[in-house]
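So the structure is just underneath, and the comments pick up after that.
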Amino acid sequence: MNGTIEVQNLKKHIGEKVILGGFDLVVPSGSIVALFGPNGCGKTTFMQILSRLVMADSGQSIIHGFNKRKFSYISQQYRETLLPWKTNLENIAFPLVLAGEDQEIIKKKVSEIVELFESPIPMNGYPYQLSGGEQQILVCMRALITRPEVICIDEAFSALDYENGLRLRMHLQTYWMKYHPTILAITHNPEEAVHLAERILVLSKNPMRVIASVDNTLPYPRTIDTIKSELFHKVKDQVLSAFVRVTHV
Amino acid sequence: MKNIAIGITIFLLLWALILIFGIIDTFFLPTPLQVLTSLKNLFVSGKLIQDTAMTLARVGASLLIALGVGVPTGLLLGRFEKMYHSVEFIIDFFRSTPATALFPLFLVVFGIGEISKVALASFAATLIVIFNTAYGVMHAPKYRRVTAELLGATHRQIFWHVIIRESLPQLLVGIRNAVSWVLAVVVVTEMFIGTNTGLGRRIIDSSITYDISGMYASILVVGLIGYLLNALLLLIHKRYVHW
(Lines give C-alpha, C1' and ligand atoms only; values in the text may rest on other atoms or scores of the structure.)
Protein backbone atom coordinates (compact mmCIF):
# COMPACT_ATOMS: atom_id res chain seq x y z
CA MET A 1 0.00 0.00 0.00
CA ASN A 2 1.18 3.50 -0.74
CA GLY A 3 3.12 5.01 2.14
CA THR A 4 4.20 1.67 3.58
CA ILE A 5 7.88 1.55 4.53
CA GLU A 6 9.46 -1.82 3.88
CA VAL A 7 13.07 -2.59 4.72
CA GLN A 8 14.61 -5.97 3.99
CA ASN A 9 18.02 -7.35 4.90
CA LEU A 10 19.62 -3.91 4.79
CA LYS A 11 23.40 -3.92 5.16
CA LYS A 12 25.78 -1.03 5.63
CA HIS A 13 29.27 -0.72 7.01
CA ILE A 14 31.36 2.39 7.52
CA GLY A 15 35.06 1.59 7.57
CA GLU A 16 35.49 -1.59 9.61
CA LYS A 17 32.34 -1.03 11.60
CA VAL A 18 29.16 -2.91 10.69
CA ILE A 19 26.30 -0.44 11.21
CA LEU A 20 23.51 -2.49 9.70
CA GLY A 21 23.89 -6.26 9.38
CA GLY A 22 20.68 -7.30 7.68
CA PHE A 23 18.10 -4.97 9.17
CA ASP A 24 14.39 -5.64 8.62
CA LEU A 25 11.49 -3.29 9.29
CA VAL A 26 7.93 -2.73 8.17
CA VAL A 27 6.00 0.42 8.95
CA PRO A 28 2.40 0.03 7.78
CA SER A 29 0.87 2.89 5.82
CA GLY A 30 -0.66 5.54 8.05
CA SER A 31 0.89 4.33 11.30
CA ILE A 32 3.37 5.91 13.69
CA VAL A 33 6.36 3.80 14.64
CA ALA A 34 9.17 4.94 16.93
CA LEU A 35 12.69 3.56 16.93
CA PHE A 36 14.20 3.77 20.40
CA GLY A 37 17.81 2.82 20.92
CA PRO A 38 21.19 3.71 22.37
CA ASN A 39 23.36 6.43 20.94
CA GLY A 40 25.52 5.48 17.99
CA CYS A 41 23.47 2.43 17.09
CA GLY A 42 23.11 3.53 13.48
CA LYS A 43 19.67 5.12 13.58
CA THR A 44 20.76 8.20 11.68
CA THR A 45 22.61 6.19 9.03
CA PHE A 46 19.48 4.12 8.59
CA MET A 47 17.35 7.25 8.17
CA GLN A 48 19.79 8.64 5.63
CA ILE A 49 19.55 5.43 3.61
CA LEU A 50 15.76 5.60 3.79
CA SER A 51 15.83 9.25 2.65
CA ARG A 52 18.20 8.29 -0.18
CA LEU A 53 20.97 10.52 1.11
CA VAL A 54 23.28 7.56 1.62
CA MET A 55 23.60 4.30 -0.33
CA ALA A 56 23.25 0.96 1.45
CA ASP A 57 25.77 -1.82 0.73
CA SER A 58 22.99 -4.26 -0.01
CA GLY A 59 19.38 -5.06 0.80
CA GLN A 60 16.23 -3.11 0.12
CA SER A 61 14.58 -0.07 1.60
CA ILE A 62 11.35 0.78 -0.12
CA ILE A 63 8.78 3.43 0.53
CA HIS A 64 5.82 2.28 -1.51
CA GLY A 65 4.56 4.91 -3.92
CA PHE A 66 7.57 7.11 -3.09
CA ASN A 67 7.18 10.68 -4.23
CA LYS A 68 9.91 13.18 -3.43
CA ARG A 69 7.35 15.91 -2.87
CA LYS A 70 5.23 13.81 -0.52
CA PHE A 71 8.15 12.78 1.67
CA SER A 72 9.53 14.86 4.53
CA TYR A 73 12.65 14.36 6.57
CA ILE A 74 13.01 16.34 9.79
CA SER A 75 16.53 16.16 11.13
CA GLN A 76 18.09 17.25 14.40
CA GLN A 77 20.12 19.92 12.61
CA TYR A 78 17.24 22.31 12.35
CA ARG A 79 19.32 25.48 12.65
CA GLU A 80 21.47 24.61 9.66
CA THR A 81 18.64 23.65 7.35
CA LEU A 82 16.81 26.98 7.41
CA LEU A 83 17.89 29.46 4.77
CA PRO A 84 18.98 32.71 6.46
CA TRP A 85 18.39 34.84 3.37
CA LYS A 86 14.73 33.88 3.28
CA THR A 87 12.15 35.21 5.72
CA ASN A 88 10.37 32.78 8.03
CA LEU A 89 7.42 32.81 5.66
CA GLU A 90 9.61 32.12 2.63
CA ASN A 91 11.31 29.29 4.49
CA ILE A 92 8.01 27.59 5.24
CA ALA A 93 6.81 28.10 1.68
CA PHE A 94 10.10 26.97 0.13
CA PRO A 95 9.03 23.38 -0.76
CA LEU A 96 5.92 24.76 -2.50
CA VAL A 97 7.98 27.31 -4.43
CA LEU A 98 10.30 24.48 -5.52
CA ALA A 99 7.27 22.51 -6.68
CA GLY A 100 6.18 25.49 -8.79
CA GLU A 101 2.87 26.08 -6.97
CA ASP A 102 1.23 29.41 -7.66
CA GLN A 103 1.05 32.24 -5.16
CA GLU A 104 -2.60 31.79 -4.21
CA ILE A 105 -2.17 28.15 -3.23
CA ILE A 106 1.06 28.92 -1.36
CA LYS A 107 -0.68 31.65 0.63
CA LYS A 108 -3.55 29.37 1.52
CA LYS A 109 -1.36 26.47 2.58
CA VAL A 110 0.90 28.70 4.67
CA SER A 111 -2.04 30.13 6.59
CA GLU A 112 -3.40 26.59 7.11
CA ILE A 113 -0.15 25.39 8.61
CA VAL A 114 0.34 28.52 10.72
CA GLU A 115 -3.14 27.95 12.09
CA LEU A 116 -2.46 24.30 12.86
CA PHE A 117 0.65 25.25 14.83
CA GLU A 118 -0.99 28.26 16.49
CA SER A 119 2.38 29.83 15.85
CA PRO A 120 3.26 33.25 17.22
CA ILE A 121 6.44 33.37 15.10
CA PRO A 122 6.67 36.67 13.17
CA MET A 123 6.47 35.67 9.52
CA ASN A 124 8.41 38.67 8.20
CA GLY A 125 11.42 38.06 10.45
CA TYR A 126 14.42 35.89 9.71
CA PRO A 127 15.23 32.45 11.18
CA TYR A 128 18.41 33.64 12.89
CA GLN A 129 16.33 35.98 15.04
CA LEU A 130 14.42 33.02 16.53
CA SER A 131 15.19 30.79 19.49
CA GLY A 132 16.16 27.17 18.90
CA GLY A 133 12.68 26.00 19.74
CA GLU A 134 11.05 28.41 17.34
CA GLN A 135 13.47 27.39 14.60
CA GLN A 136 12.49 23.76 15.04
CA ILE A 137 8.81 24.70 14.89
CA LEU A 138 9.57 26.50 11.61
CA VAL A 139 11.33 23.40 10.27
CA CYS A 140 8.32 21.27 11.19
CA MET A 141 5.93 23.67 9.49
CA ARG A 142 8.12 23.52 6.40
CA ALA A 143 8.14 19.73 6.53
CA LEU A 144 4.36 19.50 6.82
CA ILE A 145 3.30 22.18 4.35
CA THR A 146 3.57 19.82 1.38
CA ARG A 147 1.11 17.55 3.22
CA PRO A 148 3.56 14.63 3.14
CA GLU A 149 2.38 11.04 3.10
CA VAL A 150 5.58 9.77 4.70
CA ILE A 151 7.50 11.60 7.43
CA CYS A 152 10.85 10.54 8.85
CA ILE A 153 11.87 12.24 12.07
CA ASP A 154 15.43 11.97 13.30
CA GLU A 155 15.61 13.13 16.93
CA ALA A 156 13.98 16.36 15.88
CA PHE A 157 12.91 17.23 19.40
CA SER A 158 16.05 16.26 21.26
CA ALA A 159 17.64 19.70 21.27
CA LEU A 160 14.51 21.40 22.55
CA ASP A 161 13.54 22.21 26.10
CA TYR A 162 10.72 20.14 27.58
CA GLU A 163 7.98 22.66 26.93
CA ASN A 164 8.79 23.19 23.26
CA GLY A 165 9.38 19.48 22.69
CA LEU A 166 6.00 18.67 24.15
CA ARG A 167 4.30 21.40 22.12
CA LEU A 168 5.81 20.16 18.90
CA ARG A 169 4.76 16.58 19.64
CA MET A 170 1.19 17.80 20.16
CA HIS A 171 1.22 19.63 16.82
CA LEU A 172 2.58 16.59 15.06
CA GLN A 173 -0.12 14.45 16.64
CA THR A 174 -2.81 16.88 15.47
CA TYR A 175 -1.41 16.73 11.96
CA TRP A 176 -1.29 12.94 12.02
CA MET A 177 -4.86 12.62 13.23
CA LYS A 178 -6.01 14.92 10.44
CA TYR A 179 -4.10 13.45 7.48
CA HIS A 180 -2.78 10.06 8.65
CA PRO A 181 0.66 10.02 7.08
CA THR A 182 3.12 7.22 7.81
CA ILE A 183 5.51 8.45 10.49
CA LEU A 184 8.80 6.83 11.44
CA ALA A 185 10.45 8.62 14.36
CA ILE A 186 13.90 8.02 15.79
CA THR A 187 14.32 9.06 19.38
CA HIS A 188 16.36 8.49 22.48
CA ASN A 189 13.63 9.87 24.70
CA PRO A 190 11.25 7.11 25.90
CA GLU A 191 8.49 9.57 26.80
CA GLU A 192 8.54 10.97 23.28
CA ALA A 193 8.36 7.46 21.81
CA VAL A 194 5.44 6.39 23.97
CA HIS A 195 3.63 9.71 23.49
CA LEU A 196 3.61 9.56 19.72
CA ALA A 197 3.92 5.99 18.53
CA GLU A 198 1.51 3.10 18.09
CA ARG A 199 4.47 0.77 18.23
CA ILE A 200 7.90 1.25 19.74
CA LEU A 201 10.80 -0.79 18.44
CA VAL A 202 13.73 -1.05 20.85
CA LEU A 203 17.09 -1.32 19.11
CA SER A 204 20.48 -2.76 19.97
CA LYS A 205 23.75 -1.49 18.58
CA ASN A 206 26.66 -2.95 16.59
CA PRO A 207 24.91 -4.01 14.48
CA MET A 208 21.50 -2.39 14.82
CA ARG A 209 18.74 -4.94 15.45
CA VAL A 210 15.17 -4.80 16.73
CA ILE A 211 15.26 -6.59 20.07
CA ALA A 212 11.77 -5.79 21.28
CA SER A 213 8.53 -4.53 19.83
CA VAL A 214 6.17 -2.80 22.25
CA ASP A 215 2.59 -2.12 21.14
CA ASN A 216 1.02 1.01 22.50
CA THR A 217 -2.76 1.03 22.42
CA LEU A 218 -3.31 4.34 24.22
CA PRO A 219 -6.08 6.21 22.37
CA TYR A 220 -5.39 9.41 20.42
CA PRO A 221 -5.30 12.31 21.03
CA ARG A 222 -2.81 11.69 23.78
CA THR A 223 -3.02 14.65 26.11
CA ILE A 224 -1.07 15.71 29.18
CA ASP A 225 -3.44 13.52 31.18
CA THR A 226 -2.49 10.56 29.00
CA ILE A 227 1.17 11.19 29.73
CA LYS A 228 0.39 11.24 33.44
CA SER A 229 -1.73 8.07 33.27
CA GLU A 230 -0.78 4.70 34.69
CA LEU A 231 -1.07 2.94 31.33
CA PHE A 232 1.39 5.40 29.82
CA HIS A 233 3.94 4.55 32.49
CA LYS A 234 3.34 0.86 32.02
CA VAL A 235 4.17 1.08 28.31
CA LYS A 236 7.17 3.24 29.08
CA ASP A 237 8.38 0.67 31.65
CA GLN A 238 8.15 -2.09 29.06
CA VAL A 239 10.24 -0.02 26.68
CA LEU A 240 12.80 0.79 29.35
CA SER A 241 13.11 -2.83 30.50
CA ALA A 242 13.87 -3.93 26.96
CA PHE A 243 16.32 -1.03 26.62
CA VAL A 244 18.15 -1.95 29.83
CA ARG A 245 18.60 -5.50 28.56
CA VAL A 246 20.64 -4.26 25.56
CA THR A 247 22.60 -1.49 27.15
CA HIS A 248 23.40 -3.21 30.48
CA VAL A 249 23.07 0.09 32.32
CA MET B 1 30.39 60.00 12.16
CA LYS B 2 32.16 60.86 15.39
CA ASN B 3 34.96 58.42 14.56
CA ILE B 4 35.38 59.99 11.14
CA ALA B 5 35.77 63.41 12.77
CA ILE B 6 38.41 62.03 15.15
CA GLY B 7 40.25 60.44 12.23
CA ILE B 8 40.32 63.68 10.25
CA THR B 9 41.52 65.61 13.29
CA ILE B 10 44.42 63.21 13.90
CA PHE B 11 45.32 63.35 10.20
CA LEU B 12 45.39 67.17 10.18
CA LEU B 13 47.33 67.23 13.45
CA LEU B 14 50.06 64.97 12.02
CA TRP B 15 50.17 67.15 8.91
CA ALA B 16 50.56 70.27 11.07
CA LEU B 17 53.28 68.66 13.21
CA ILE B 18 55.31 67.75 10.12
CA LEU B 19 55.07 71.38 8.96
CA ILE B 20 55.86 72.89 12.37
CA PHE B 21 58.97 70.76 12.88
CA GLY B 22 60.03 71.31 9.27
CA ILE B 23 60.39 67.60 8.58
CA ILE B 24 59.36 68.16 4.97
CA ASP B 25 60.00 71.39 3.06
CA THR B 26 56.82 73.47 2.75
CA PHE B 27 57.40 73.57 -1.00
CA PHE B 28 56.78 69.82 -1.16
CA LEU B 29 54.16 69.73 1.56
CA PRO B 30 51.89 72.79 1.48
CA THR B 31 49.55 73.61 4.35
CA PRO B 32 46.09 71.96 4.43
CA LEU B 33 44.59 75.39 3.67
CA GLN B 34 46.66 75.79 0.51
CA VAL B 35 45.63 72.33 -0.67
CA LEU B 36 41.95 72.99 0.05
CA THR B 37 42.13 76.35 -1.75
CA SER B 38 43.69 74.65 -4.73
CA LEU B 39 41.00 71.96 -4.59
CA LYS B 40 38.30 74.64 -4.59
CA ASN B 41 39.84 76.51 -7.54
CA LEU B 42 40.25 73.34 -9.59
CA PHE B 43 36.71 72.35 -8.76
CA VAL B 44 35.25 75.74 -9.72
CA SER B 45 37.19 75.87 -13.00
CA GLY B 46 35.53 72.56 -13.92
CA LYS B 47 38.81 70.85 -14.84
CA LEU B 48 38.78 68.57 -11.81
CA ILE B 49 35.19 67.56 -12.43
CA GLN B 50 36.04 66.46 -15.95
CA ASP B 51 39.04 64.43 -14.78
CA THR B 52 37.08 62.87 -11.94
CA ALA B 53 34.26 61.94 -14.30
CA MET B 54 36.72 60.34 -16.71
CA THR B 55 38.43 58.30 -14.01
CA LEU B 56 35.07 57.22 -12.60
CA ALA B 57 33.89 56.18 -16.06
CA ARG B 58 36.97 53.98 -16.53
CA VAL B 59 36.57 52.51 -13.05
CA GLY B 60 32.86 51.86 -13.67
CA ALA B 61 33.42 50.21 -17.04
CA SER B 62 36.19 48.00 -15.64
CA LEU B 63 34.05 46.94 -12.69
CA LEU B 64 31.06 46.13 -14.88
CA ILE B 65 33.20 43.93 -17.10
CA ALA B 66 34.84 42.28 -14.08
CA LEU B 67 31.46 41.48 -12.52
CA GLY B 68 29.87 40.42 -15.80
CA VAL B 69 32.66 37.96 -16.53
CA GLY B 70 33.84 37.14 -13.01
CA VAL B 71 30.59 36.32 -11.22
CA PRO B 72 29.22 33.71 -13.67
CA THR B 73 32.68 32.19 -14.13
CA GLY B 74 33.27 32.08 -10.39
CA LEU B 75 29.88 30.48 -9.71
CA LEU B 76 30.50 27.86 -12.36
CA LEU B 77 34.03 27.08 -11.21
CA GLY B 78 32.88 26.94 -7.59
CA ARG B 79 30.06 24.59 -8.49
CA PHE B 80 32.40 22.24 -10.37
CA GLU B 81 35.38 22.10 -8.08
CA LYS B 82 37.43 19.85 -10.36
CA MET B 83 37.23 22.50 -13.04
CA TYR B 84 38.35 25.14 -10.54
CA HIS B 85 41.36 23.12 -9.45
CA SER B 86 42.48 22.66 -13.05
CA VAL B 87 42.62 26.44 -13.59
CA GLU B 88 43.56 27.34 -10.02
CA PHE B 89 47.21 27.84 -10.92
CA ILE B 90 46.44 30.33 -13.69
CA ILE B 91 44.12 32.35 -11.45
CA ASP B 92 46.52 32.33 -8.51
CA PHE B 93 49.52 33.20 -10.66
CA PHE B 94 47.97 36.22 -12.35
CA ARG B 95 46.20 37.24 -9.15
CA SER B 96 49.61 37.41 -7.49
CA THR B 97 51.27 39.29 -10.34
CA PRO B 98 50.93 43.08 -9.92
CA ALA B 99 48.58 44.01 -12.76
CA THR B 100 50.50 47.21 -13.47
CA ALA B 101 53.52 45.10 -14.47
CA LEU B 102 51.45 43.87 -17.40
CA PHE B 103 50.53 47.35 -18.67
CA PRO B 104 53.26 47.51 -21.35
CA LEU B 105 52.01 44.16 -22.64
CA PHE B 106 48.42 45.44 -22.73
CA LEU B 107 49.60 48.58 -24.54
CA VAL B 108 51.14 46.43 -27.25
CA VAL B 109 48.05 44.25 -27.58
CA PHE B 110 45.24 46.78 -27.16
CA GLY B 111 46.90 50.00 -28.37
CA ILE B 112 47.48 53.20 -26.44
CA GLY B 113 43.83 54.33 -26.19
CA GLU B 114 41.12 53.75 -23.63
CA ILE B 115 40.81 50.01 -24.28
CA SER B 116 44.18 49.02 -22.83
CA LYS B 117 43.46 50.86 -19.56
CA VAL B 118 40.01 49.36 -19.05
CA ALA B 119 41.22 45.96 -20.23
CA LEU B 120 44.04 45.87 -17.67
CA ALA B 121 41.87 47.07 -14.79
CA SER B 122 39.06 44.65 -15.60
CA PHE B 123 41.56 41.82 -16.09
CA ALA B 124 42.96 42.32 -12.58
CA ALA B 125 39.51 42.76 -11.03
CA THR B 126 37.99 39.77 -12.86
CA LEU B 127 40.53 37.41 -11.33
CA ILE B 128 39.75 38.71 -7.84
CA VAL B 129 36.00 38.38 -8.43
CA ILE B 130 36.36 34.86 -9.86
CA PHE B 131 38.52 33.74 -6.97
CA ASN B 132 36.23 35.11 -4.28
CA THR B 133 32.99 33.92 -5.89
CA ALA B 134 34.33 30.42 -6.45
CA TYR B 135 35.72 30.35 -2.93
CA GLY B 136 32.36 31.43 -1.52
CA VAL B 137 30.59 28.61 -3.34
CA MET B 138 33.15 25.92 -2.54
CA HIS B 139 33.50 26.68 1.14
CA ALA B 140 29.82 27.15 1.91
CA PRO B 141 28.47 24.42 4.19
CA LYS B 142 26.91 21.58 2.19
CA TYR B 143 23.89 20.88 4.41
CA ARG B 144 21.75 23.63 2.91
CA ARG B 145 22.16 22.05 -0.50
CA VAL B 146 21.25 18.65 0.94
CA THR B 147 18.20 20.21 2.59
CA ALA B 148 17.05 21.80 -0.66
CA GLU B 149 17.55 18.48 -2.41
CA LEU B 150 15.46 16.71 0.24
CA LEU B 151 12.74 19.34 -0.20
CA GLY B 152 12.61 18.41 -3.85
CA ALA B 153 14.81 21.03 -5.51
CA THR B 154 16.27 20.40 -8.95
CA HIS B 155 19.93 21.20 -9.68
CA ARG B 156 18.91 24.49 -11.23
CA GLN B 157 16.76 25.41 -8.22
CA ILE B 158 19.57 24.55 -5.81
CA PHE B 159 21.87 26.80 -7.82
CA TRP B 160 19.42 29.71 -7.78
CA HIS B 161 17.95 29.42 -4.28
CA VAL B 162 21.00 28.24 -2.37
CA ILE B 163 24.38 28.40 -4.09
CA ILE B 164 24.17 31.97 -5.39
CA ARG B 165 23.03 33.30 -2.00
CA GLU B 166 25.69 31.34 -0.17
CA SER B 167 28.40 32.93 -2.30
CA LEU B 168 27.16 36.50 -1.68
CA PRO B 169 29.12 37.40 1.49
CA GLN B 170 32.43 36.28 -0.04
CA LEU B 171 31.47 37.84 -3.38
CA LEU B 172 31.01 41.22 -1.72
CA VAL B 173 34.41 40.92 -0.07
CA GLY B 174 35.76 40.21 -3.53
CA ILE B 175 34.03 43.23 -5.05
CA ARG B 176 35.46 45.56 -2.41
CA ASN B 177 38.87 44.15 -3.11
CA ALA B 178 38.33 44.53 -6.82
CA VAL B 179 37.28 48.17 -6.45
CA SER B 180 40.56 49.03 -4.73
CA TRP B 181 42.49 47.29 -7.46
CA VAL B 182 40.57 48.86 -10.32
CA LEU B 183 41.05 52.34 -8.89
CA ALA B 184 44.77 51.77 -8.45
CA VAL B 185 45.27 50.34 -11.93
CA VAL B 186 43.19 53.04 -13.63
CA VAL B 187 45.03 55.89 -11.90
CA VAL B 188 48.45 54.42 -12.59
CA THR B 189 47.72 53.72 -16.26
CA GLU B 190 46.40 57.27 -16.67
CA MET B 191 49.84 58.48 -15.63
CA PHE B 192 51.32 56.76 -18.67
CA ILE B 193 50.45 57.53 -22.26
CA GLY B 194 47.18 57.48 -24.14
CA THR B 195 45.06 60.13 -22.44
CA ASN B 196 44.86 63.79 -21.54
CA THR B 197 42.18 63.36 -18.90
CA GLY B 198 41.79 61.50 -15.65
CA LEU B 199 42.97 62.00 -12.09
CA GLY B 200 46.17 60.03 -12.64
CA ARG B 201 46.99 62.32 -15.55
CA ARG B 202 46.30 65.39 -13.42
CA ILE B 203 48.48 64.12 -10.55
CA ILE B 204 51.47 63.45 -12.79
CA ASP B 205 51.02 66.73 -14.72
CA SER B 206 50.83 68.79 -11.50
CA SER B 207 53.94 67.05 -10.24
CA ILE B 208 55.88 67.76 -13.43
CA THR B 209 54.85 71.44 -13.43
CA TYR B 210 55.52 71.77 -9.67
CA ASP B 211 51.86 72.61 -8.96
CA ILE B 212 52.31 70.79 -5.65
CA SER B 213 49.03 71.98 -4.05
CA GLY B 214 47.14 70.88 -7.16
CA MET B 215 48.80 67.47 -6.95
CA TYR B 216 47.71 66.97 -3.36
CA ALA B 217 44.21 68.12 -4.21
CA SER B 218 43.96 65.47 -6.94
CA ILE B 219 45.36 62.78 -4.65
CA LEU B 220 42.74 63.77 -2.09
CA VAL B 221 40.00 63.27 -4.67
CA VAL B 222 41.32 59.81 -5.58
CA GLY B 223 41.38 58.85 -1.91
CA LEU B 224 37.88 60.15 -1.44
CA ILE B 225 36.59 58.12 -4.38
CA GLY B 226 38.12 54.94 -2.98
CA TYR B 227 36.77 55.63 0.47
CA LEU B 228 33.25 56.41 -0.70
CA LEU B 229 33.04 53.38 -3.01
CA ASN B 230 34.12 51.15 -0.15
CA ALA B 231 31.60 52.74 2.21
CA LEU B 232 28.84 52.29 -0.36
CA LEU B 233 29.67 48.60 -0.76
CA LEU B 234 29.70 48.12 2.99
CA LEU B 235 26.26 49.67 3.11
CA ILE B 236 25.01 47.32 0.39
CA HIS B 237 26.56 44.40 2.25
CA LYS B 238 24.76 45.23 5.49
CA ARG B 239 21.48 45.90 3.73
CA TYR B 240 21.27 42.87 1.45
CA VAL B 241 23.53 40.27 3.06
CA HIS B 242 22.08 40.57 6.53
CA TRP B 243 22.67 37.02 7.76
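The structure displayed is predicted, hence computed values, not measured ones. Order of the sequence lines sets the chain letters (A, B, ...), proteins ahead of strands, with each chain counted from 1.
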- Item | A:Phe94 and B:Leu151: CA distance, side-chain angles, deciding distance, side-chain contact (heavy atoms from CB on, under 4.5 Å) verdict | CA-CA 8 Å; A:Phe94 190 40; B:Leu151 294 175; 3.8 Å; yes

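- Other residues, nucleotides and ligands contribute over 12 non-hydrogen atoms within 6.0 Å of the CG atom of A:Asp102.
- More than 12 heavy atoms of other residues, nucleotides or ligands sit less than 6.0 Å from atom NZ of A:Lys205.
- Both the backbone and the side chain of B:Glu166 come within less than 4.5 Å of a heavy atom of chain A.
- Residue A:His180 places its NE2 atom among more than 12 non-hydrogen atoms of other residues, nucleotides or ligands, all under 6.0 Å distant.
- The shortest non-hydrogen separation linking B:Trp243 to A:Trp85 is CZ3-CB, 3.0 Å.
- Applying the 6.0 Å contact sphere to CD1 of B:Ile49 captures more than 12 heavy atoms from other residues, nucleotides or ligands.
- B:Lys142 NZ: more than 12 foreign heavy atoms inside a 6.0 Å radius.
- Looking at B:Arg144, its side chain never comes within 3.5 Å of a backbone N or O of A:Leu83 through a donor-acceptor pair.
- To the nearest 0.5 Å, the span separating OG1 on B:Thr147 from CZ on A:Arg142 amounts to 6.0 Å.
- Your options are A:Tyr126, A:Phe71, A:Tyr73, and the one with the most heavy-atom pairs under 4.5 Å with chain B is A:Tyr126.
- Surrounding OH of B:Tyr227 are at most 12 heavy atoms belonging to other residues, nucleotides or ligands under 6.0 Å away.
- Taking a 6.0 Å sphere around OH of A:Tyr179, one finds it holds more than 12 heavy atoms contributed by other residues, nucleotides or ligands.
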- Do B:His161 and A:Leu98 pass the side-chain contact (heavy atoms from CB on, under 4.5 Å) test, and can you show the C-alpha distance, the side-chain angles, and the key distance before you say yes or no? CA-CA 9 Å; B:His161 286 284; A:Leu98 292 176; 3.9 Å; yes

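- Your options are B:His242, B:Gln157, B:Glu149, and the one with the most heavy-atom pairs under 4.5 Å with chain A is B:His242.
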- Task: Show your reasoning for whether side-chain contact (heavy atoms from CB on, under 4.5 Å) applies to B:Val146 and A:Glu80.
- Result: CA-CA 11 Å; B:Val146 174; A:Glu80 287 88 349; over 6 Å; no

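- With a 4.5 Å cut-off on non-hydrogen atoms, B:Val241 does not touch chain A at all.
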